[in-house]
Structures are given as structure tokens and as C-alpha cells.
Amino acid sequence: MADTAVPQLWTGDLTDTLDFYRTLGYTVTHEQTRPYVYGAVEDHGCALHFVPAPKDSDIPAERAGCLVMVDDVASRHRAFSAALRSRYGKIPAKGLPRITRFRPGQSRFTVIDPAGNQVIYIQRDEPPKVEYGGSKELDGLSRVLDNARILRDFKTDDKAAFRVLEVGLGRFRSEAPRLDVARALAALAELAVATGDPGGADGFRAELRAMELSAEERAFIADDLRASDDLSSWLSET
């Protein structure tokens, strides 16, 4: 029989923590406050256990938690978002607790629980290797786009992804394939929304609309074109 690792995460309020995971669809399998605090939840055969945070320690508000490998990360994100909206009246995307956004083709997202634990849900067949800086098989703006994707989806650093893409577009725009330029503008629009700059997003959308793209090219980047609008809609529910 294979070994099984069970993460122990910190909690400052066990009742609040367990209620949050109940909202996500987890079943509480253990809850006690005496002689010491200990809790446990389980879903899809995956258990998470909770213990009190150490006293008199310099504990960051948010911290690494654990990775959860799942078969269908997109459906899990949809289910969690719906459950959180039902409980809170909106999807919590800022503060604690919260859930990160999810784009078509993305392979992971993060839930930060009320205690600040980060639980990262990852598609089980996600590529095992991520080439930070962008794939070495790519060059120019294509590689910049890949690097921005990694910063956005794997590091959840929208500001860094925006900076990398803005600089890269300025550097390679004149020589890059037209579709790469269109993808970069679409990505910048989505990242502008994510970083709280809707006016900037409108500017990138306007540039994209002004590009001379064939019907086939616009169909090819349809998901990219919708990303900023989808994010705006998602954020309006948060």
C-alpha cells in the first residue's frame, strides 16, 4: 500500500475554518476543542487537518499550505465559485478568504482560507516542468507571452506578468507575427482588469479592435479576446 501524506494546516478559529471548508463541499471528519484543538475535513478522498497556530510566533497573514491534485480543475473552480457566491453573496477575490480567478486552459488555481492557508488545486496531468522565463523553444514575443502566462497562472503575480508583457510588446512588436501581437494585447487587457485598471484595459481592447485581422485569426484568439470581459464579469460578482 502506498504512503499517504496528510497536511496539517494552521487555524486561529477552528469553527470558522471548518465552516469554510464545508462551504466548499468538504465533509468534517473530526472536530474537537478539548484537551486540545484539532480538526479534519475530507473530499474526494483527500484529507486536510487543522491545528492551532503557534503562539508568540511571527506568523505571516498568508502562507504556503498544500497542493491538491484533481482530475478536473476547471469544474472544481466552478463548483467552489458557486458555493462561495451562495455563502457570501459574492465570490471573494480579495482579502481572506478568497479564490483566484481561472482562465480557459489554466491548470491550477488557489484558495486562501480564513486562516491564510493557501491550498493550490492542480490538474493531475499538468505538465511536470515549467520553464520560468518562457519556453526555450520559443523566441521573441512568443516567449514573452509564455513567460507572462507562467507568472500569471503559476506565480499568481499579475503585476509582474503585466510588466513583462508590456515591455516585451514594446520590444518585439514590429517584428512579431500579427497573431502574437493580438494575443499580447488581449492578455494585457485581461491583466489590466486584474490589477484594477479598467481604463487601461479599454485602451488595449481598442488597439486590438483596430488591428486588421481576418475572421480566421479572430476566431483563433476568441478565448483571449473574451478573457478580459469574462474577468470583468467575474469580478463584478466579488
Side-chain angles (χ1 to χ4, degrees), residues 73-74 77-78 81 90-95 98-110 112 118 120 122-123 126-127 130-238:
V73 70
H77 188 273
R78 285 194 298 271
S81 295
K90 60 180 182 178
I91 301 171
K94 298 178 181 178
R98 71 179 185 275
I99 184 173
T100 60
R101 72 190 190 280
F102 189 84
R103 288 169 46 94
Q106 199 168 317
S107 59
R108 58 174 63 194
F109 68 91
T110 302
I112 299 90
Q118 297 187 38
I120 305 174
I122 302 176
Q123 183 74 29
E126 178 185 83
V130 176
E131 294 185 69
Y132 291 100
S135 172
K136 294 181 177 60
E137 296 181 0
L138 302 173
D139 56 21
L141 189 54
S142 293
R143 186 169 179 179
V144 171
L145 280 160
D146 194 49
N147 186 26
R149 174 189 65 84
I150 291 167
L151 290 168
R152 181 192 64 211
D153 296 348
F154 289 83
K155 303 297 289 183
T156 61
D157 192 338
D158 292 327
K159 291 182 179 180
F162 184 92
R163 288 194 300 270
V164 162
L165 198 49
E166 187 176 43
V167 170
L169 182 60
R171 178 181 178 186
F172 295 111
R173 184 168 191 160
S174 62
E175 62 193 60
R178 185 166 55 187
L179 271 178
D180 281 352
V181 173
R183 290 174 57 216
L185 289 171
L188 282 166
E190 195 256 359
L191 288 165
V193 172
T195 54
D197 183 13
D202 289 340
F204 292 121
R205 291 191 194 103
E207 283 191 69
L208 188 50
R209 285 194 298 270
M211 288 188 67
E212 295 183 1
L213 298 174
S214 67
E216 291 78 8
E217 288 171 328
R218 290 194 179 275
F220 184 81
I221 61 168
D223 287 342
D224 294 322
L225 288 168
R226 284 193 298 269
S228 60
D229 292 333
D230 289 347
L231 179 57
S232 295
S233 175
W234 189 75
L235 288 173
S236 70
E237 301 178 37
T238 65

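Computed from a prediction, not measured in an experiment: that's the story for all the values here.
- The heavy-atom pair separating Ala192 from Gly200 by the smallest distance is CB-C, 4.1 Å.
- Here the shortest heavy-atom pairing between Ala184 and Leu141 reads CB-CD2, 4.3 Å.
- A heavy-atom distance below 4.5 Å is not found between the side chains of Arg171 and Val144.
- Separating the CG atom in Asp197 from the CZ atom in Phe162 is a distance of 6.5 Å, to the nearest 0.5 Å.
- A distance of 10.0 Å separates CD in Glu190 from CZ in Arg205, rounded to the nearest 0.5 Å.
- Interatomic distance, OG of Ser107 versus CZ of Phe154, reported as 4.0 Å (0.5 Å rounding).
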**Study point:** Check against side chain to side chain contact (heavy atoms under 4.5 Å, CB included), Glu207 and Leu188
**Key:** CA-CA 11 Å; Glu207 283 191 69; Leu188 282 166; over 6 Å; no
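- With rounding to the nearest 0.5 Å, the separation of CZ in Phe204 from CG in Leu165 is 8.0 Å.
- Between Val73 and Phe102, the closest side-chain pair of non-hydrogen atoms falls below 4.5 Å.
- The main-chain N or O of Glu212 is found under 3.5 Å from a side-chain atom of Arg178 such that the two form a donor-acceptor pair.
- Taking Ser214 as the reference, Glu216, Glu217 meet the side-chain contact (heavy atoms from CB on, under 4.5 Å) condition, with sequence neighbours excluded.
- Contact record, Ala148 with Ala161: O-CB, 3.5 Å, taken as the closest heavy-atom pair.
- When all heavy atoms of Ala189 and Ala201 are compared, the closest pair comes out as O-CB, 3.4 Å.
- Taking CG of Leu179 as the start and CZ of Arg218 as the end, the distance is 10.5 Å to the nearest 0.5 Å.
- Partners of Gln106 by side-chain hydrogen bond (donor to acceptor under 3.5 Å, both in side chains), not counting sequence neighbours: none found.
- For residues 143-158, the side chain to side chain donor-acceptor pair (under 3.5 Å) pairs, not counting sequence neighbours, are Arg101-Asp158, Asp146-Arg149.
- Atoms CZ and CD1, on Arg183 and Ile221 in that order, are 9.0 Å from each other to the nearest 0.5 Å.
- Between the side chain of Thr100 and the backbone N or O of Thr110, at least one donor-acceptor pair lies under 3.5 Å.
- The pair Asp224-Arg103 meets the salt-bridge criterion, since a charged nitrogen lies less than 4.0 angstrom from a carboxylate oxygen.
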